[in-house]
Peer 1: 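Please see the structure below; I have some questions.
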There are 4 protein chains.
Amino acid sequence: MVEAYKPAQQRALRAQGRRTRARLANAGLAVFADRGYHAARVDDIVRRARASHGTFYLYFTNKEDLLGALAIECAQAYEALAATIADAESVAPIDECVEQFFAIYARYGPVIRAWMENAVADREINRLGVVAFRHIAAAFAGRLRAEGRPHDAATVGSLMALLERSAYYAGRDPTRPGDARTVARIVQNGYFGAGAFTP
Amino acid sequence: MVEAYKPAQQRALRAQGRRTRARLANAGLAVFADRGYHAARVDDIVRRARASHGTFYLYFTNKEDLLGALAIECAQAYEALAATIADAESVAPIDECVEQFFAIYARYGPVIRAWMENAVADREINRLGVVAFRHIAAAFAGRLRAEGRPHDAATVGSLMALLERSAYYAGRDPTRPGDARTVARIVQNGYFGAGAFTP
Amino acid sequence: MVEAYKPAQQRALRAQGRRTRARLANAGLAVFADRGYHAARVDDIVRRARASHGTFYLYFTNKEDLLGALAIECAQAYEALAATIADAESVAPIDECVEQFFAIYARYGPVIRAWMENAVADREINRLGVVAFRHIAAAFAGRLRAEGRPHDAATVGSLMALLERSAYYAGRDPTRPGDARTVARIVQNGYFGAGAFTP
Amino acid sequence: MVEAYKPAQQRALRAQGRRTRARLANAGLAVFADRGYHAARVDDIVRRARASHGTFYLYFTNKEDLLGALAIECAQAYEALAATIADAESVAPIDECVEQFFAIYARYGPVIRAWMENAVADREINRLGVVAFRHIAAAFAGRLRAEGRPHDAATVGSLMALLERSAYYAGRDPTRPGDARTVARIVQNGYFGAGAFTP
DNA sequence: AATGAATGAGCGTTCATTCAT
DNA sequence: CATGAATGAACGCTCATTCAT
């Protein structure tokens with residue numbers, strides 16, 4: 001389901017090409033983080049990647065295409081996390097799941113914010129994020145059910161809000177509360193623990 | 001007499017001028033909501049306000065200045081809410097406070113998102129939002145204390161995250177859960193109620 | 001010959017109207033002096049005159065028209081000076097003529113510079129200045145002839161260059177040489193005196 | 001590699017880039033000559049240079065920057081002339097110096113007028129012109145001294161006024177007196193010759 | 001595979017001028 | 001006679017994208 005969005009240039013890349021493409025993608029992520037997607041300039045990206053404008057358009061059809069490529073990476077990471085959460089076999093502790101959520105957000109935050117800001121015209125890219133988050137939510141819901149915790153859509157919604165905003169704040173101001181471990185504990189106590197609130 | 005051009009904000013305005021200014025501000029809010037601050041075009045704003053480009057710059061020195069004006073309005077609304085929450089005399093029910101939070105967000109959401117996106121170069125404007133939110137948080141903390149609920153910074157942080165994200169989602173997709181009343185209930189139960197989680 | 005240019009609004013003005021018009025004209029002159037004709041803003045002028053935009057266009061059809069009105073004043077002053085220089089009856093000393101040249105320049109310098117910069121599209125306005133200066137030159141030539149000093153067009157041209165540039169410099173930096181009296185002496189010695197150079 | 005955009009001036013340019021930049025500079029000079037600096041439109045310049053707006057801003061940060069670049073060229077030319085005049089070794093005839101002054105003015109007149117009009121906000125650029133002219137004046141003063149001609153600041157000032165205005169007139173109306181050779185003779189006779197006036 | 005150069009549509013902003021009161 | 005408000009054409013400048021080498 002992550003393949004719905006078709007990135008540019010599907011030509012086969014050799015080692016050097018793959019390296020250049022990766023350099024550009026990382027530079028893009030960094031610049032998106034600094035300035036936000038909209039304010040990010042292709043020029044900033046290529047300068048950061050020590051490449052030229054021409055090279056950029058060799059690997060991405062345009063700025064949005066780069067965002068799309070990063071969005072796929074991000075969505076894949078979150079889909080994997082959803083699978084982990086939901087997996088009944090190797091049930092990972094909630095703490096680890098939350099921390100993993102934060103880790104992915106720490107890397108792909110700018111992409112997620114671009115989703116949220118509706119910055120991208122391409123519906124398909126936006127869908128990637130919505131779907132991935134819905135899967136995460138569903139996985140947590142399943143987990144609550146498995147643990148016998150009563151819950152409804154609103155409960156899960158508040159959990160997602162808490163996770164996303166906290167991860168966001170954590171990225172903006174690392175010196176204040178809201179980091180992964182604290183939130184993991186809150187989630188543990190507040191949603192899964194004995195005294196957790198019930199709808 | 002004659003203070004035409006530049007000063008924008010400070011000029012003493014007559015009735016007609018005040019109306020036009022308000023029309024532009026509302027149009028700006030609407031366009032920011034539709035497209036986001038960055039992607040909003042001055043042209044969209046003036047078209048929506050049925051005014052001309054020149055008129056826009058008669059009342060605001062530029063697009064950012066308009067955002068600043070709206071930000072001040074928004075911050076004032078939240079400061080008033082903070083005062084209401086904190087006011088020991090006429091202690092308003094938590095539900096009403098939450099719903100009020102949503103109401104303000106419904107109007108000024110685009111401005112708040114611009115804050116978050118760091119869209120405004122003006123540090124002072126950005127501070128307004130941070131401070132207002134901090135006051136809201138402090139007011140809720142006071143309320144928790146008054147009610148004898150144990151809490152720490154992280155608790156309050158998660159409450160703010162919940163409020164803001166939920167209000168945000170509510171604005172994006174009114175058909176889904178996360179609307180004011182539901183969240184008000186969650187807050188009531190989860191943070192203030194008997195079974196509320198404790199840090 | 002000065003009436004060639006037709007200024008705006010020939011309606012009869014009452015006392016108050018004349019005062020307002022004069023206030024605007026003086027403000028215009030001052031702003032032209034500060035910023036130069038091109039960079040001068042109608043807004044600067046009306047603010048300085050404590051009037052409104054509407055009022056400005058009550059007395060002048062546009063910015064250029066104001067320049068034209070000032071140009072007429074200036075040309076009249078220089079035509080009068082030319083007449084004085086040329087007048088065989090009450091032959092004024094050269095010194096006084098030069099000082100008079102400076103005095104007029106001190107007031108109307110901005111207008112003259114607008115002529116020189118070719119700032120005005122209106123040919124007629126430009127002609128006013130050219131003609132006035134030509135008359136001054138002719139008057140000096142007549143004076144040289146009357147004093148039996150040999151001269152040719154180039155001699156007179158250099159004299160005009162000296163006068164105009166010196167008057168210009170005098171306005172720009174009053175603390176340095178080039179003021180009226182010094183130049184008057186140079187003209188006296190260099191063009192009319194016994195040891196004056198001859199073509 | 002890749003120093004695209006902003007820096008303009010500093011970027012290391014290849015042959016093609018240097019040619020384009022020179023084409024733009026020459027076009028700018030021509031347009032400044034036709035319309036004056038203020039009235040000159042970037043659009044005129046790029047059309048004349050057969051380039052696009054974007055290209056212009058690839059080589060100059062703005063219109064004023066172009067003027068600055070030309071000003072530097074001009075100041076260098078005049079500094080070189082000052083050195084030639086002052087050089088005791090290969091004392092160039094006055095005539096040649098004057099003609100050289102005219103030649104530089106013929107090329108850079110518009111720039112010099114922009115200086116005079118105070119068109120440039122950048123103080124440093126303005127200083128270049130003032131200093132260059134002061135050096136020319138000093139060089140002429142030295143030459144007068146070397147030739148045993150009595151002189152003072154006013155004498156030299158009048159010489160500069162004569163040179164500059166004559167060069168200016170020469171550019172405006174080539175059919176009238178005031179051309180290089182005539183003025184060279186006037187300077188020779190009037191300031192350096194046997195019958196030259198003395199302060 | 002990579003680059004520097006070039007493009008031009010599109011945006012924010014200014015300001016001379018007109019209008020309604 | 002005077003004013004504040006409104007207008008919109010025109011300008012300076014940006015930047016995603018394409019081109020030529």
Side-chain angles (χ1 to χ4, degrees), chain A residues 11 13-14 16-17 19-21 39-46 50-64, chain B residues 1-6 11-21 39-46 50-64, chain C residues 13-14 16-17 19-21 40-46 50-64, chain D residues 1-6 11-21 39-46 50-64:
Chain A
R11 68 210 161 75
L13 297 177
R14 302 251 260 284
Q16 188 188 351
R19 271 203 307 277
T20 304
R21 197 190 132 100
R41 304 286 148 238
V42 172
D43 185 61
D44 300 331
I45 297 170
V46 296
R50 294 180 175 281
S52 70
H53 280 209
T55 302
F56 181 92
Y57 286 92
L58 225 45
Y59 293 100
F60 304 98
T61 56
N62 53 36
K63 201 170 71 150
E64 191 167 330
Chain B
M1 52 186 83
V2 162
E3 302 163 81
Y5 282 144
K6 297 302 174 54
R11 252 182 325 134
L13 295 178
R14 308 252 256 254
Q16 189 185 351
R18 278 201 306 277
R19 272 201 309 277
T20 304
R21 199 191 125 97
R41 302 288 148 231
V42 172
D43 190 64
D44 301 332
I45 298 172
V46 297
R50 296 180 176 281
S52 70
H53 274 211
T55 301
F56 180 91
Y57 288 94
L58 216 48
Y59 294 100
F60 304 98
T61 54
N62 51 38
K63 201 171 67 151
E64 186 171 334
Chain C
L13 297 177
R14 304 251 261 282
Q16 189 188 350
R19 270 202 308 278
T20 303
R21 196 190 132 100
R41 304 286 150 237
V42 171
D43 186 62
D44 301 330
I45 297 171
V46 297
R50 295 178 175 283
S52 70
H53 279 209
T55 302
F56 181 92
Y57 287 92
L58 226 44
Y59 293 101
F60 304 98
T61 55
N62 53 36
K63 200 169 73 149
E64 190 167 329
Chain D
M1 56 185 83
V2 162
E3 303 164 79
Y5 282 145
K6 297 302 173 56
R11 252 180 327 133
L13 296 177
R14 308 254 256 255
Q16 189 185 351
R18 279 201 305 277
R19 270 202 309 277
T20 304
R21 198 191 126 98
R41 303 288 147 231
V42 172
D43 191 64
D44 301 331
I45 297 172
V46 297
R50 295 179 176 281
S52 70
H53 273 212
T55 302
F56 180 91
Y57 288 93
L58 216 48
Y59 295 100
F60 304 97
T61 53
N62 52 36
K63 200 171 66 150
E64 187 171 333

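Reckoned from all heavy atoms, side chains included, excluding hydrogens, waters and symmetry mates. Protein chains get the first letters and strands the later ones, always in sequence-line order, with residue 1 at the start of each. Just so we're clear, the structure is a prediction, and the values are computed from it rather than from any experiment.
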Peer 1: I need the CD-P distance between A/E64 and F/dC15, as an integer number of Å.
Peer 2: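 These atoms are roughly 18 Å apart.
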
Peer 1: Return whichever of D/F56 or A/F56 has its heavy-atom-nearest nucleotide of DNA chain F closer to the 5' end.
Peer 2: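 Mapping each residue to its closest nucleotide by heavy atoms, the 5'-most match is D/F56.
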
Peer 1: With a non-hydrogen cut-off below 4.0 angstrom, is C/G54 in contact with a base, only sugar-phosphate, or nothing?
Peer 2: base

Peer 1: Which of these nucleotides, E/dG4, E/dA6, F/dA2, is closest to any side-chain atom of C/Q16?
Peer 2: F/dA2

Peer 1: Within this structure, what is the CZ-to-C1' distance between A/R50 and E/dA1, rounded to whole angstrom?
Peer 2: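 A/R50 atom CZ is separated from E/dA1 atom C1' by 19 Å.
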
Peer 1: B/R21 versus B/R18: any side-chain heavy-atom pair under 4.5 Å?
Peer 2: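 Not in contact.
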
Peer 1: Dot-bracket for DNA chain F, 5' to 3', counting Watson-Crick or G-U wobble pairs under 3.5 Å, with [ ] for crossing pairs and | for inter-strand pairs?
Peer 2: .||||||||||||||||||||

Peer 1: Between E/dA5, E/dT7, E/dA1, which one does the side chain of D/A51 approach most closely?
Peer 2: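 The closest nucleotide is E/dT7.
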
Peer 1: Can you tell me how far P of E/dG8 sits from CG of D/L58, to the nearest Å?
Peer 2: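 So the two atoms are 14 Å apart, to the nearest Å.
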
Peer 1: Distance check: side-chain N/O of D/T20 vs OP1/OP2 of E/dA5, anything under 4.0 Å?
Peer 2: no

Peer 1: Whole angstrom is fine here: how far is it from OH in D/Y59 over to P in F/dT14?
Peer 2: 16 Å

Peer 1: Find the distance between CZ (D/R50) and OG1 (D/T20) and round it off to the nearest 0.5 Å.
Peer 2: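 It comes to 13.5 Å.
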
Peer 1: In whole Å, what is the span from the CZ atom of D/R14 to the P atom of E/dT3?
Peer 2: 11 Å

Peer 1: I need the CZ-C1' distance between D/R19 and E/dG4, as an integer number of Å.
Peer 2: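 Rounding to the nearest Å, CZ of D/R19 and C1' of E/dG4 are 13 Å apart.
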
Peer 1: Taking N or O atoms only and anything under 3.5 Å, show me the protein contacts with nucleotides 10-12 of chain F, one pair per line.
Peer 2:
from, atom 1, to, atom 2, distance (Å)
F/dC11, O3', D/R41, NH1, 3.3
F/dG12, OP1, D/R41, NH1, 3.3
F/dG12, OP2, D/V42, N, 3.2

Peer 1: Which of these nucleotides, E/dA2, F/dA2, E/dA6, is closest to any side-chain atom of C/T55?
Peer 2: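 Side chain of C/T55 sits closest to F/dA2.
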
Peer 1: How long is the span from the CZ atom in C/F56 to the CG atom in C/N62, to the nearest 0.5 Å?
Peer 2: 7.5 Å

Peer 1: Mind checking side-chain hydrogen bond (donor to acceptor under 3.5 Å, both in side chains) for A/T55 and listing every partner two or more places apart, or none if nothing turns up?
Peer 2: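 In terms of side-chain hydrogen bond (donor to acceptor under 3.5 Å, both in side chains), with neighbours along the sequence ignored, A/T55 is linked to A/S52.
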
Peer 1: Looking only at heavy atoms, what is the nearest atom pair of C/H53 and C/V46, with distance?
Peer 2: CD2-CG2, 3.3 Å

